[in-house]
2 protein chains.
Amino acid sequence: MAATETLTAERILEATEEVLRRYGPAKATVVDVARVLGVSHGSVYRHFRTKAALREAVTERWLEGTITELRPHAEGTGPADERLTGWLTALFALKRNKAGGDPELMATFQVLIGENSAVVDRHVEHLVDQIARILADGVREGVFAAVEGEEVVTTARAVFDATDRFHDPAHAADWSAPDIETAFAAVVALILRSLRRA
Amino acid sequence: MAATETLTAERILEATEEVLRRYGPAKATVVDVARVLGVSHGSVYRHFRTKAALREAVTERWLEGTITELRPHAEGTGPADERLTGWLTALFALKRNKAGGDPELMATFQVLIGENSAVVDRHVEHLVDQIARILADGVREGVFAAVEGEEVVTTARAVFDATDRFHDPAHAADWSAPDIETAFAAVVALILRSLRRA
DNA sequence: CCGATGACAGATTTCAATATCTGTCATTCA
DNA sequence: TGAATGACAGATATTGAAATCTGTCATCGG
């Protein structure tokens, strides 16, 4: 039956993503989303209180994808220094490929990011947590120099901040520069030299 | 004589800055600049080939100010690790205060930066040079671990990239966060731990 | 003679009328 | 009964005509 599957939040989110991809953040409307789903826009409002809430939910979905794909690197086995390198490299690659090389989609993503700083803050917290876990493991293994208590999170945050240029969408335009890989490797090397046991 | 001082490139640049401050980057026109100077806009075009060239020159002036104010920190005496800390702190402070806490002026600055990436690239090269000089001094002093030849510039670039979040105007909005000082200190500590001789 | 002028063409921006969208809700329909 | 609808008011976006701006250049005046 080509007819009515039930209208779920999930289906609305998929449709919203499609509309955002196709028309961009400025022109994507709730009416468009409803049209894609073949329902009236009133029905969309039954599932999402406002257009802003709908866009926030899409943003959350997108960011959750990154967390999920990184978890294996955070939890993997092997020396902590190698895991950290792998994790940072994977994060860079994921952010870079998020749009599959499409700069318009990247721009769309950036707009949503800018609209939903609370969601982004939670996302960053998760990422810093993953780094902190790797650091703690490294200290236990004796690969990284000891850090005390709360300081692990501060240091994890510093690692995250120091690699900002390689994961913050604000810098996406630089990610096709020819020497970006070299710059990334140099920062990672700098960080690892700092963390490793003397 | 309140009358005609000669019209110089310098006077035009000053007037352009004033117009940019007053009207912002979107509404600042060459006609406005000419009006401030009490001349016809044709006269402005005798000194700057296009509006873009005029704005580029203003951008260059603004950035040169930073370089000049940092030079003492780069050339100062004292242990290289302290000089590096001082230099990074000064850079952060300068960028933060560039607009004197005025977010509109900061936004204006960001627009000009975005329009003139070639100028910015040269600016960044100068800054990285200053870092490289401090690093080389540190190695000579025995404060920093030895690095070989070309690698000094790569490392200097890594230090610059790692502190990006604290000097790139793209992040200006974050610079009033309550824990920004802590984050900055943590990144600087991370970097210095990496550079210092074992 | 040489810098300054202002009229001009084409490009860009502004503004106000018009159309579309957001969010609500009384009503429909299964 | 509870999900879906579509008409509606106020907010936002689009559009095209009018105004302004950019960049040029023949002309002016000291």
Side-chain angles (χ1 to χ4, degrees), chain A residues 1-60 104 107-108 110-112 114-116 119, chain B residues 1-60 104 107-108 110-112 114-116 119:
Chain A
M1 56 196 103
T4 48
E5 292 173 65
T6 47
L7 186 60
T8 61
E10 186 61 22
R11 286 187 61 222
I12 292 172
L13 287 177
E14 277 162 21
T16 306
E17 274 195 38
E18 181 181 331
V19 169
L20 281 167
R21 274 172 207 277
R22 198 174 328 164
Y23 301 130
K27 294 210 190 152
T29 73
V30 175
V31 171
D32 290 329
V33 172
R35 188 169 22 244
V36 165
L37 291 165
V39 299
S40 79
H41 75 281
S43 301
V44 173
Y45 280 95
R46 172 165 300 283
H47 295 266
F48 295 93
R49 248 180 33 269
T50 64
K51 182 188 184 183
L54 180 54
R55 290 166 74 120
E56 182 177 306
V58 169
T59 307
E60 204 153 23
E104 289 202 24
T108 296
Q110 266 181 78
V111 170
L112 284 248
E115 278 172 5
N116 297 285
V119 171
Chain B
M1 52 198 108
T4 47
E5 292 173 63
T6 47
L7 185 61
T8 61
E10 186 60 23
R11 284 186 63 222
I12 292 173
L13 287 178
E14 276 162 21
T16 305
E17 274 194 39
E18 182 181 331
V19 169
L20 280 168
R21 272 171 208 278
R22 198 175 326 165
Y23 301 129
K27 294 209 190 152
T29 73
V30 175
V31 171
D32 291 330
V33 173
R35 187 169 22 245
V36 165
L37 292 165
V39 299
S40 79
H41 75 282
S43 301
V44 172
Y45 280 96
R46 171 166 301 283
H47 295 266
F48 294 92
R49 245 179 37 267
T50 64
K51 183 188 184 183
L54 180 54
R55 291 165 74 121
E56 182 177 304
V58 169
T59 307
E60 204 154 24
E104 288 202 25
T108 295
Q110 265 181 78
V111 170
L112 283 249
E115 279 173 4
N116 296 285
V119 171

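Only heavy atoms go into these numbers, but all of them, side chains included; no hydrogens, no water, no symmetry mates. Residue numbering restarts at 1 for every chain, and letters A, B, ... go by the order of the sequence lines.
- We find that CG of A:Leu37 is positioned 13 Å from C1' of D:dA4, with the value rounded to whole Å.
- Between A:Asp32 atom CG and D:dT12 atom C1' there is a gap of 15 Å when expressed in whole angstrom units.
- Looking at the side chain of A:Ser40, the nearest of the listed nucleotides C:dG6, D:dT14, D:dG6 is D:dG6.
- Within the 3.5 Å criterion, the main-chain N or O of B:Thr6 finds a donor-acceptor partner in the side chain of B:Arg11.
- Mapping B:Gly42 and A:Val30 onto DNA chain C by nearest heavy atom places B:Gly42 at the nucleotide closer to the 5' end.
- Inter-residue side-chain proximity for B:Asp32 and B:Val30 is flagged as unmet; no heavy-atom pair is nearer than 4.5 Å.
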Worksheet entry | B:Leu7 vs B:Val44, side chain to side chain contact (heavy atoms under 4.5 Å, CB included): CA-CA, chis, key distance, verdict | CA-CA 9 Å; B:Leu7 185 61; B:Val44 172; 5.5 Å; no

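- A donor-acceptor distance shorter than 3.5 angstrom exists from the side chain of B:Thr16 to the backbone of B:Ile12, with no hydrogens or angles considered.
- No more than 12 heavy atoms of other residues, nucleotides or ligands lie within 6.0 Å of CD in A:Glu104, so this atom counts as exposed by the packing criterion.
- Residue A:Phe48 contributes atom CZ, which lies 15 Å from atom P of D:dA3 at whole-angstrom precision.
- Between the CZ atom of B:Arg35 and the P atom of D:dT20 there is a distance of 11 Å, rounded to whole Å.
- Each of A:Arg46 and A:Lys27 was matched to the nucleotide of DNA chain D holding its nearest heavy atom; the match closer to the 5' end belongs to A:Arg46.
- Atom-to-atom, CZ of B:Arg55 to C1' of D:dG23 comes out at 16 Å; the value is rounded to the nearest Å.
- In this structure, NE2 of B:His47 is placed 10 Å from P of C:dT5, rounded to the nearest angstrom.
- To the nearest angstrom, C1' of C:dA7 lies 15 Å from OH of B:Tyr45.
- Listed nucleotides: D:dG23, C:dA4, C:dG23. Nearest to the side chain of A:Lys51: C:dG23.
- Whole-Å rounding puts the A:Ile12 CD1 to C:dT22 P distance at 14 Å.
- Among the nucleotides D:dA4, D:dG23, C:dA4, the one closest to any side-chain atom of B:Thr50 is D:dG23.
- The base of C:dG23 is paired with the side chain of A:His41 by a donor and an acceptor separated by under 3.5 Å.
- Among the heavy atoms of the strands lying under 4.0 Å from A:Ser43 is at least one base atom, whether or not backbone atoms are also near.
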